[in-house]
Every structure is written in structure tokens, then in C-alpha cells.
Amino acid sequence: MRELVVDLAAIRENVRSAATRIAPARLMAVVKADGYGHGMEQVARAMADAGVDAFGVVDLDEARRLRDAGIEQPILAWIHGADADFAWAVSADVELGIGSVRDLERAATAAGERPAVVHLKADTGLGRGGAIGDQWAALVARAAQLEAAGRVRVRGVWTHLANTSPEADADQFLAFDAALALAREVGLDPELEHASASAAMFDHPAQARDMVRAGLALYGLSTFPERTSAELGLRPAMELAAEVVAVKRVPAGLGVSYGHRYVTARETTLALIPLGYADGLPRAASGRGPVAINGRRHTIAGAIAMDQVVVDVGDGAVDVGDRAVFWGDPERGVPSASEWADAADSIPYEIVTRVGARVRRRYLS
């Protein structure tokens with residue numbers, strides 16, 4: 001009745017395209033948030049088959065899922081709660097993103113016969129995780145001491161861009177270079193420096209450095225409102241669809257869905273589709289979200305409800321059991337996740353990561 005279809009061949013194509021674009025830099029595939037809503041284990045295996053060098057996740061719970069799924073590549077996890085099991089991370093060869101002396105000490109304490117492998121994060125202007133100013137100086141100094149003592153190994157130094165403007169990006173890259181210089185002054189010699197994610201992979205190819213952490217692009221989606229996936233050489237891997245469960249002819253003047261935001265202008269046909277905001281459709285896209293049925297595009301009529309939406313199909317031929325596609329690959333004539341993001345005043349990241357658990361997942365190899 002409701003299904004999310006993920007094309008793993010598209011995932012592999014996008015990985016190979018990204019790897020070619022950034023070569024000789026390494027490619028880290030970011031699979032946080034259940035693989036951006038696509039299914040972490042399934043897409044990670046496809047990405048591993050396509051040759052990614054490493055995986056990025058938010059926390060150790062996600063890292064554990066990857067190891068349990070048989071993923072053997074390096075994994076970097078970068079947000080750690082007070083109960084994060086750093087000892088497990090060391091034993092499982094999971095690398096730790098570290099942005100404070102406090103977490104660095106925790107990592108060093110967890111080290112046993114082998115050191116904790118860490119990537120030190122510099123805050124170069126995003127204002128989230130990472131050390132800045134005197135904090136960075138203290139972090140790299142302590143890291144050098146702990147590395148000399150065999151408690152940690154500083155494999156990487158990294159940062160994250162705010163994607164504010166080309167000029168702001170340039171300032172962050174300069175700040176990153178300064179942070180790297182200070183790290184080397186105190187005796188650190190990181191194997192990897194990485195600052196770029198999907199957007200910078202296209203906009204700042206010269207900044208690929210040793211590794212790029214690509215997320216959205218590997219799922220075939222554009223990070224740029226003005227550029228489509230196809231224009232970037234990407235193929236969207238996710239399609240969200242549901243079947244039409246009721247069709248009825250109605251008169252002019254009929255109010256549709258809660259609040260009667262939509263009223264039929266003439267005699268018309270309404271189609272009921274069992275997908276709503278509990279399944280991931282943003283309610284903010286009420287009256288604006290697109291849907292394709294039998295090759296024709298329509299717009300959601302009125303408010304998106306918890307479990308269902310109504311589409312005014314006019315005099316179009318629609319029947320119970322027909323497949324309604326909410327988003328997918330626009331090259332196939334269906335709406336894109338970016339169109340739904342525009343309809344909800346949001347971004348495609350939010351659209352694909354919010355699909356609910358009761359939507360059945362189906363994977364194409």
C-alpha cells in the first residue's frame with residue numbers, strides 16, 4: 001500500500017561518480033540517519049561494493065550497526081554522549097571525531113593494548129562541534145602528549161563548512177589551514193585532513209585534500225537549489241509511492257480535507273492516497289506538494305492529514321490500485337525530493353530522512 005523503493009544500482013553509480021570527481025582523494029560515505037532515510041545497512045553494503053574508502057556516522061550506535069552488518073572499512077563517529085562506549089569503539093576499530101579535551105581524555109582512558117584512533121575537529125566558523133581559538137591550542141597540545149604516550153593516534157584533522165557563501169567558505173579553508181599549522185607545530189602529523197562535504201565536492205574541487213565526506217550526493221540528490229541532480233551527474237536512489245485506495249466523482253463547491261483549504265471549482269474526480277505526515281510528508285506542503293499518477297502530475301488538494309492525502313485529478317483516468325509517486329527521479333517524469341522541499345520551505349535532506357517506519361522498504365539491486 002505504501003512503499004519506499006531504493007535503487008542500489010543508483011547508489012553505486014553515484015559513489016563511482018563521486019570517487020572519480022575527487023580522485024586521488026579518498027571518499028568517506030556518510031550514512032548517518034539510517035543512510036539519509038534510505039536504509040543504513042543496505043546502502044552501506046552497496047557503497048562498500050562500489051569502493052568507498054570509509055564511512056561516516058553520527059554516533060557509536062550507528063557505528064555498531066555498520067559493524068554488525070559486516071562493514072569492514074574505517075568508520076568515523078563524531079557526536080558522543082556521556083555514556084558513549086569509547087572502549088567498544090577502540091576494540092571495534094571505530095575512529096572518533098574529537099572536538100574537546102574532555103572527549104580526548106575519555107578516548108585515551110578507553111585505550112588498551114592499542115591506542116584510540118581520533119580525528120581532531122577544528123571549529124572554523126560553523127559554531128557547532130569542534131574546538132576554536134585557545135581550545136584548539138589546548139586540544140592539539142594534549143593530543144600530542146597522549147600520542148607520544150601511545151594512548152591515542154591522531155589519524156585526521158577535520159572541519160565542517162557552513163555553506164554560507166563562496167567567500168565564507170574561503171575564510172573557513174584559511175582558518176582550517178591555520179589550525180593544521182598549529183597541530184603540526186606541536187608535533188602532530190595527521191594522515192588525513194578533510195573539510196569538504198557534498199557541496200564543496202562540486203564547488204571547491206581543489207579543496208578535496210586527503211578525503212571528502214560525501215553524504216547527500218551519494219543518494220543522488222543535489223545540495224544546490226539552482227542545480228538538478230542530472231546536471232550534477234547524479235541519479236536519485238529513492239522513490240516514495242503509495243497506491244490509490246479510493247476514487248470518487250464529486251460536485252463543484254466541495255471542501256476537501258481539514259479546514260477546507262481546498263474547495264473544488266467544478267465537478268471533478270478525487271483520489272485518496274494513504275500517505276500522510278505520519279509517513280513523512282511535510283504538512284507544510286499542504287496544497288503545494290506534487291504527485292504523479294499514471295504519468296500525469298497533480299498537486300495535493302488541501303491539508304495533508306496524518307494518514308492520507310487527497311488529489312484532485314480532474315477528468316483524468318485514475319482507478320483504485322493505481323500507483324501514486326510523491327518523489328523519485330525526475331528524469332522518469334515524477335516529482336523530485338527537491339520539489340517537495342520547495343513546497344515545504346525546507347531542504348531535500350529533511351524530506352528523505354523523515355519517511356516513517358510503516359512505509360514498506362523495497363530494494364532494487
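Bear in mind that the values here come from a model prediction, so they are computed numbers and not experimental data.
- A salt bridge links D315 with R266: the closest approach of a Lys/Arg side-chain nitrogen to an acidic carboxylate oxygen falls below 4.0 angstrom.
- Considering every non-hydrogen atom in both L272 and V310, the closest pair reads CD1-CG2, 3.9 Å.
- Considering every non-hydrogen atom in both P274 and D279, the closest pair reads O-OD2, 4.0 Å.
- Scored by the side-chain hydrogen bond (donor to acceptor under 3.5 Å, both in side chains) test, D61 finds no partners at all (sequence neighbours excluded).
- Under 4.0 Å is where a charged nitrogen must lie from a carboxylate oxygen, and between K32 and D59 no such pair does.
- Note on R288 versus D345: salt bridge recorded, some NZ/NE/NH1/NH2 to OD/OE distance being below 4.0 Å.
- Summarising the local packing, CD of E113 is surrounded by 12 or fewer heavy atoms from other residues, nucleotides or ligands at distances under 6.0 Å.
- Checked by atom type, the side-chain pair S198/T223 shows no donor-acceptor distance below 3.5 Å.
- No single ILVMFWY cluster, assembled from side-chain heavy atoms under 4.5 Å apart, contains both V250 and Y258.
- Counting non-hydrogen atoms of other residues, nucleotides and ligands closer than 6.0 Å to CG of D134 gives a total of 12 or fewer.
- A salt bridge between E193 and R184 is present, with a side-chain N of the basic residue lying under 4.0 Å from a carboxylate O of the acidic one.
- Contact check on E239 versus R332 returns a salt bridge, with a Lys/Arg side-chain nitrogen under 4.0 Å from an Asp/Glu carboxylate oxygen.
- Among residues two or more places apart in sequence or in another chain, the side-chain hydrogen bond (donor to acceptor under 3.5 Å, both in side chains) test is passed with H119 by E95, H194.
- For the pair R358 and D307, the salt-bridge criterion is met [side-chain N within less than 4.0 Å of a carboxylate O].
- Between the S346 side chain and the A341 main chain, no donor and acceptor come within less than 3.5 Å of each other.
- Considering L218, V15, L8, D34 in turn, L8 is the only one that fulfils the side-chain contact (heavy atoms from CB on, under 4.5 Å) rule with V43.
- For the pair L161/L126, no side-chain contact is recorded, criterion being any heavy-atom separation below 4.5 Å from C-beta on.
- Between F86 and H80, the angle of the ring planes goes over 60°, which puts this pair in the perpendicular group of the 30/60° scheme.
- Here the side chain of T124 pairs no donor or acceptor atom with the backbone of F176 at under 3.5 angstrom.
- For T109 (side chain) and E105 (main-chain N/O), a donor-acceptor pair under 3.5 Å exists by modelled atom type.
- Side-chain polar atoms of N14 and Y219 form no donor-acceptor pair below 3.5 angstrom.
- P251 and T264 make their closest contact through O-OG1, 2.8 Å (heavy atoms, listed as atom of the first residue, atom of the second, distance).
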Item checked: Test log, rule side chain to side chain contact (heavy atoms under 4.5 Å, CB included), inputs M28 and L76 -> CA-CA 9 Å; M28 174 181 284; L76 175 65; 3.6 Å; yes

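- W136 places a side-chain N or O within donor-acceptor distance of the main-chain N or O of A179, the cut-off being under 3.5 Å.
- Across all non-hydrogen atoms, the minimal contact from S222 to R227 is OG-O, 2.6 Å.
- Note: H204 and F173 have perpendicular aromatic rings, judged against thresholds of 30 and 60 degrees for the angle between ring planes.
- A 4.5 Å side-chain heavy-atom check between D68 and E41 finds every atom pair outside the cut-off.
- E350 and R354 are joined by a salt bridge, as a carboxylate oxygen and a charged side-chain nitrogen come within less than 4.0 angstrom of each other.
- Here R323 does not pair with E243 in a salt bridge; the nearest charged N to carboxylate O distance is not below 4.0 Å.
- A salt bridge links E339 to R297: one of the charged nitrogens lies within less than 4.0 Å of a carboxylate oxygen.
- Cluster annotation: W78 and M40 are assigned to the same hydrophobic cluster (Ile/Leu/Val/Met/Phe/Trp/Tyr, side-chain heavy-atom contacts under 4.5 Å, transitive).
- Across all their heavy atoms, V154 and A143 have their closest contact at CG2-CB, 4.0 Å.
- Remark: R249 engages E267 in a salt bridge, criterion side-chain N to carboxylate O under 4.0 Å.
- In this structure, T299 and V311 have side chains that are not in contact, with every pair of non-hydrogen atoms separated by 4.5 Å or more.
- Salt-bridge annotation for E62 and R67: absent, with no side-chain N of the basic residue lying under 4.0 Å from a carboxylate O of the acidic one.
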Check: D53 and Q73: side chain to side chain contact (heavy atoms under 4.5 Å, CB included), yes or no, with the steps?
Finding: CA-CA 6 Å; D53 300 290; Q73 283 84 352; over 6 Å; no

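- Remark: D177 engages R209 in a salt bridge, criterion side-chain N to carboxylate O under 4.0 Å.
- Between Y262 and G302 the shortest heavy-atom distance is CB-N, 3.4 Å.
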